[in-house]
There are 2 protein chains.
Amino acid sequence: MEPTKKHDVFQAIADKTRRDVLRLLAEKKELPISAIAAHFPISRTAITKHLNILAEANLVQSRKSGREKIYHLHPEPLTELKQWLSFYERFWENKLSILKHVVENEYPPTFVTIGGFFCLHLPRH
Amino acid sequence: MEPTKKHDVFQAIADKTRRDVLRLLAEKKELPISAIAAHFPISRTAITKHLNILAEANLVQSRKSGREKIYHLHPEPLTELKQWLSFYERFWENKLSILKHVVENEYPPTFVTIGGFFCLHLPRH
DNA sequence: ATCATATGAAACCTTTAGGTGTTATGTAAA
DNA sequence: TTTACATAACACCTAAAGGTTTCATATGAT
């Protein structure tokens with residue numbers, strides 16, 4: 001029978017250390033295990049276990065280069081979290097938060113008012 | 001010293017049962033403990049513990065009515081999760097997803113093109 | 001060939017998570 | 001005032017989480 005993945009994305013991000021590892025990999029693009037461990041007060045072995053859990057949830061991937069195992073972020077599974085969250089947004093977000101979302105998370109849009117329409121210019125990329 | 005909250009929102013949602021409890025409360029608005037427990041194959045005592053963890057994370061609140069303790073969803077702490085997620089969105093979302101987000105999660109906006117500006121009309125509420 | 005380094009793997013420990021069952025207490029209803 | 005019911009409070013259990021240390025193995029550098 002399928003070896004049923006033991007850790008999902010919800011469990012993977014439950015631990016602060018693992019969230020910190022994700023953040024580190026987001027910033028540094030890719031790092032071998034020892035370099036990751038150097039950022040934390042716990043043992044390399046412990047970090048390896050956290051990396052295994054993150055890998056089970058498919059939040060990180062690795063390639064081997066010589067004697068090093070180099071990890072990088074694989075953010076796609078976070079979409080599951082986003083979907084889960086989106087269900088609850090309607091319980092607390094008001095509609096103005098559309099603007100808030102855009103303003104806070106994207107390049108500053110340009111606002112214009114044209115004939116009673118409240119518009120924002122979305123730059124094309 | 002402050003009895004330092006033991007469970008945060010990340011840990012609270014790590015457990016499937018607790019996520020199911022949240023979903024149930026989102027649908028049913030409010031329910032006493034026994035009614036909640038009736039939806040699950042585990043004991044009422046176990047559900048009470050899950051509710052305590054959710055309450056520590058401030059994801060549920062309760063009021064007492066006679067001999068019943070009635071719980072309801074308190075979604076605000078999920079904003080912390082949303083903020084955490086938003087950091088990673090840029091690693092997998094392309095910019096078109098701004099539109100995607102608006103279209104999927106909000107009332108259909110109106111699109112207009114004015115003098116080279118690609119605008120969308122955000123209805124005011 | 002030797003030595004240092006990066007990782008893997010195993011054994012072990014302590015605390016917490018998630019569950020059980022039993023008993024006690026407060027409130028509603030008969 | 002009994003009786004039934006909803007919850008609280010314990011004591012307890014097992015397995016998993018998060019950590020440690022030690023030893024082995026593979027690879028790069030001298």
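Proteins get letters first, then strands, A, B, ... in listed order; numbering begins at 1 in each. What you see is a predicted model, and the numbers here were worked out from it, not measured in a lab.
B:Tyr71 is not listed as a side-chain neighbour of B:Leu54, based on a closest heavy-atom distance of 4.5 Å or more. Considering only heavy atoms from C-beta on, A:Arg18 stays 4.5 Å or farther from A:His7 through its side chain.
In this structure a side-chain-to-backbone donor-acceptor pair under 3.5 Å is missing from A:Gln61 to A:His74. Under the 3.5 Å distance criterion, the side-chain polar atoms of B:Arg19 are matched with a main-chain donor or acceptor of B:Ile13.
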Inset, instruction - For side-chain contact (heavy atoms from CB on, under 4.5 Å), just list the numbers for B:Ile33 and B:Arg44, CA-CA rounded to whole Å, side-chain angles, deciding distance to a tenth of an Å, and then say yes or no. - result: CA-CA 7 Å; B:Ile33 298 179; B:Arg44 178 190 53 78; 3.9 Å; yes
Inset, instruction - Could you please spell out the steps behind the side-chain contact (heavy atoms from CB on, under 4.5 Å) verdict for B:Lys29 and B:His72? - result: CA-CA 6 Å; B:Lys29 305 309 173 190; B:His72 63 270; over 6 Å; no
Inset, instruction - For the pair A:Trp84 and B:Leu78, evaluate side-chain contact (heavy atoms from CB on, under 4.5 Å) and give the outcome as yes or no after the intermediate values. - result: CA-CA 11 Å; A:Trp84 183 84; B:Leu78 292 177; 3.9 Å; yes
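Contacts of A:Glu80 classified as salt bridge (Lys or Arg N to Asp or Glu O under 4.0 Å), with partners at least two apart in sequence or in another chain: none. Residues forming a side-chain hydrogen bond (donor to acceptor under 3.5 Å, both in side chains) with B:Lys16 (at least two apart in sequence, or on another chain): B:Asp20.
Phosphate proximity of C:dT16 to B:His7: absent, as no side-chain N or O sits under 4.0 Å from OP1 or OP2.
Protein chain A contacts DNA chain D from D:dA17 to D:dG28, reading 5' to 3' and using non-hydrogen atoms of the protein with a distance under 4.0 Å.
Remark: A:Pro32, A:Ile33, A:Ser34 in residues 10-40 of chain A come within less than 4.0 Å of DNA chain C through at least one heavy atom.
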Inset, instruction - Give the B/S/- string for nucleotides 21-30 of chain C, one per nucleotide from 5' to 3', where a protein heavy atom under 4.0 Å of the base yields B, of only the sugar-phosphate yields S, and otherwise -. - result: B----BBS--
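The separation between A:Lys49 atom NZ and C:dG8 atom P is 13 Å, rounded to whole Å.
The stretch residues 57-78 of chain B participates, sequence neighbours left out, in these salt bridge (charged side-chain N to carboxylate O under 4.0 Å, His left out) pairs: B:Glu30-B:Arg63.
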